[in-house]
Amino acid sequence: MYLDTLIIGGGHAGIEAANAAWRIGVKTAMLVLDKKSIGRMSCNPAIGGVGKGQMVRDIDAMGGLMGVLADMAGIMFRTLNASKGPAVWGNRAQCDMNLYSELAQETLENLSGLEIIEGEAVALEKEGENWKVSTQSGMQILCKAVIIASGTFLSSKMFTGLDKVSIGGRINEPSSDLLPLSLHKLGIKTRRLKTGTPSRIDTASVDFSKCEVQLGDLNPWAFSSKSDAAYLCNSAKCYLTRTTKETHRILESAFEKSPLFTGKIQGIGPRYCPSIEDKIKRFANKESHQLFLEPETKNADRIYVNGFSSSLPEEIQIEAMRTIPGLENVHVLQIGYAVEYDAVNANELHPTLECKKHSGLYFAGQVCGTSGYEEAAAQGIIAGINAALKIKGEQPFVLSRADSYIGVLIDDITTMEWNEPYRMFTSRAEYRLFLRSDNSEARLCEKAYKIGMLTEGEWKNYGHEKSRVEAAKKFLSENSGTPEQIAPILAESGQALVTERTRWLSILKRPSIKAEDFFEVACPQIPLTRKEKWHLLSEELYSGFFVRAAEEIANQQKMANFKIPPDFDYNKINALSIEARQKLSAATPLTLGAAAKVAGVRSGDIAVILHHLRFKPPN
């Protein structure tokens, strides 16, 4: 078989890579063990969150699939950080895991010309200008580009206690043990990482009266511009409970049986999503930890115990869970376990996610050392785009940190040394006031259209949106309202009233203005969507940032060469996070530019260090 592009893996990275390569117009196939595993949500069936939700919107603006799939499979939609400014809102959807996977499979199968091949890749080698992939069944596939989106399946093992160790990257699914041998022969280094998943429990065994209920938003946001928020399913309920002192006592009593603490697991897990035993050990002063009980499907017969990931023995996990309010009589359907797997060093990849050592070989997803469905999908769309563009002889596609959260993600993982799975946060993006959910189309649609990721219809729809927004902004800048017209808007937001006619755009710049109330009074004649209204409000609210952005970039370039004394003591700076102090003390960077590249150090940390250095100018 001869192809242009072959994607190995059918997870969230593989889905976006296949769709992107197909959209750009190269002959594409996906190699996956089982078609029914495409889009499987092996951990929490939720999409989005703070930072992550913005990435999903960026993927959608570029013609990706995750936003559409989440909207169709969602059962509860919430906006995280809703009490803060719109720049850090995080859209999140709890999904029906079965429906999401079914929709993903159906969507790919309906892409005319995209082939889905069932089988296991066991060997990868260069044959002339092409790559040859051999499967376990003896099939050989020649292709110009290969995208490895193997998730947590390379040389993977699952752990529940010291004695129960099985081969596999997900429950009832085998490990890929032969493909890593090919990577090693190609000189590609791998490292061991760890992830985990909590128990799934029977809904009927939970006493929800002892838990705090959490409902979806009354007026939810859709992820995709192609979805109608009015038709989102938003009926599911989540619940909040907490661990107790007795929970911690039981778990602590079994630490010697933990593969995490005894060294049986050598891979490093995600700092910001630790197992329950790791949380208890790291935060010994805390008497309890929050747990979220989240349904996995619309019929809500299984619940995901978010926050209780564990690799302790089964009997210990169950005994500890039964000390948690609401879970005293819990029936466990699937016990929690840890997964250890091989990942490549992403700093050996170009920003296109092509391997620096081997032309035409790309990596995307958790195999690159990231965590999360959204991070995987973001890499998948970039790898798929660039593999297709390379085949067509066109220029590579690279997003900068000022373009999108995807650009931040790719820059972070390909330029920094990470010793733990990478997770996206808004704090990682120095231009987060610009990288908002409401302006994803304005930032990315034109770029996506130029490389063939958007259809003519999608581009036309964006043009209509852009025209409406421009017309509204022009009207608001040229017209004013009377004190009587403006009074209800200002009263609702707690602002001081005006005594004379005031330009509408000046009112829109004021903090705490509610977009729906404002536009209903200011320009009801322009048929703006809800998202377009919030986009206009956000643009004015953060307009001062855009003016300063160019100066900030120039200043950062100067700061990159600002010297740090070799004996600089980071532990004396209380304003730095504990993580930043630890990482900087170990790395001992000699310039601010080098400090900024240390994993775990954020832009705010650099500003703090600069402030302290200016009291003692460098030599």
Side-chain angles (χ1 to χ4, degrees), residues 41-50 53 70 73-83 90-101 171 196-221 232-251 273-277 279-280 283 286-310 312 314-337:
M41 305 179 103
S42 50
C43 204
N44 190 9
I47 297 294
V50 179
I75 55 177
M76 190 185 88
F77 293 79
R78 292 186 68 200
T79 301
L80 307 185
N81 273 352
S83 62
N91 296 354
R92 184 183 187 273
Q94 190 71 21
C95 296
D96 183 315
M97 61 184 293
N98 297 330
L99 180 56
Y100 190 99
S101 182
I171 194 76
T197 191
S199 295
R200 273 58 158 189
I201 61 177
D202 186 346
T203 304
S205 68
V206 180
D207 183 355
F208 292 110
S209 68
K210 297 181 179 179
C211 307
E212 178 185 334
V213 67
Q214 290 190 320
L215 303 175
D217 294 341
L218 291 175
N219 192 11
W221 290 96
L232 297 176
C233 175
N234 200 27
S235 59
K237 297 178 182 178
C238 293
Y239 293 85
L240 173 66
T241 186
R242 303 189 71 93
T243 59
T244 64
K245 288 183 179 180
E246 181 64 8
T247 313
H248 295 192
R249 186 196 66 76
I250 293 169
L251 293 172
C273 190
S275 64
I276 187 64
E277 55 262 39
K279 279 192 279 190
I280 290 171
F283 307 105
K286 283 201 168 188
E287 294 186 352
S288 69
H289 294 279
Q290 282 188 339
L291 301 176
F292 296 90
L293 308 181
E294 300 174 328
E296 290 194 318
T297 59
K298 191 173 182 179
N299 62 19
D301 56 350
R302 274 174 43 124
I303 285 179
Y304 179 96
V305 188
N306 192 352
F308 205 84
S309 172
S310 179
L312 286 167
E314 180 174 354
E315 64 275 11
I316 297 297
Q317 291 190 45
I318 294 173
E319 183 184 357
M321 271 192 284
R322 288 179 175 164
T323 65
I324 295 167
L327 305 186
E328 292 87 350
N329 299 303
V330 72
H331 175 217
V332 177
L333 302 173
Q334 176 187 308
I335 203 69
Y337 59 91

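When a residue number appears, it is its place in the shown sequence, counting from 1. Quick note: numbers below take in every heavy atom, side chains included, and nothing from hydrogens, waters or symmetry partners.
- Counted within 6.0 Å of CD on Q334, heavy atoms from surrounding residues, nucleotides or ligands total more than 12; the atom is thus considered enclosed.
- Proximity of a side-chain donor or acceptor of T323 to a complementary backbone N or O of A320 within less than 3.5 Å is detected.
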Worksheet entry | Audit row: T244, I324, side chain to side chain contact (heavy atoms under 4.5 Å, CB included) steps and yes/no | CA-CA 6 Å; T244 64; I324 295 167; 5.6 Å; no
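- The backbone N or O of G326 lies less than 3.5 Å from a partner atom in the side chain of E328, making a donor-acceptor pair.
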Worksheet entry | Candidate pair L327 and F308, rule side chain to side chain contact (heavy atoms under 4.5 Å, CB included), full reasoning | CA-CA 12 Å; L327 305 186; F308 205 84; over 6 Å; no
Discussion item. Please determine whether side chain to side chain contact (heavy atoms under 4.5 Å, CB included) holds for the pair F283 and H289, giving the CA-CA distance in whole Å, both sets of side-chain angles, and the decisive distance to 0.1 Å.
Written reply: CA-CA 10 Å; F283 307 105; H289 294 279; 4.1 Å; yes
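- A donor-acceptor contact shorter than 3.5 Å links the side chain of N234 to the backbone of F77.
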Worksheet item: Could you go step by step and tell me if L293 and T203 meet the side chain to side chain contact (heavy atoms under 4.5 Å, CB included) rule?
Response: CA-CA 9 Å; L293 308 181; T203 304; over 6 Å; no
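- No donor-acceptor distance shorter than 3.5 angstrom exists from the side chain of Q317 to the backbone of I335, with no hydrogens or angles considered.
- Of the N and O atoms on the side chains of T79 and D217, at least one donor lies less than 3.5 Å from an acceptor on the other residue.
- Looking only at distances, a side-chain donor or acceptor of R200 sits under 3.5 Å from a matching main-chain atom of P198.
- Remark: side-chain polar atoms of T241 are paired, donor with acceptor, to backbone N or O of P325 under 3.5 angstrom.
- In terms of modelled atom types and a separation under 3.5 Å, the side chain of D202 and the main chain of L333 share no donor-acceptor contact.
- Here the side chain of Q94 pairs a donor or acceptor atom with the backbone of P295 at under 3.5 angstrom.
- Salt bridge annotation for R92-E294: present, with a cationic side-chain nitrogen under 4.0 angstrom from a carboxylate oxygen.
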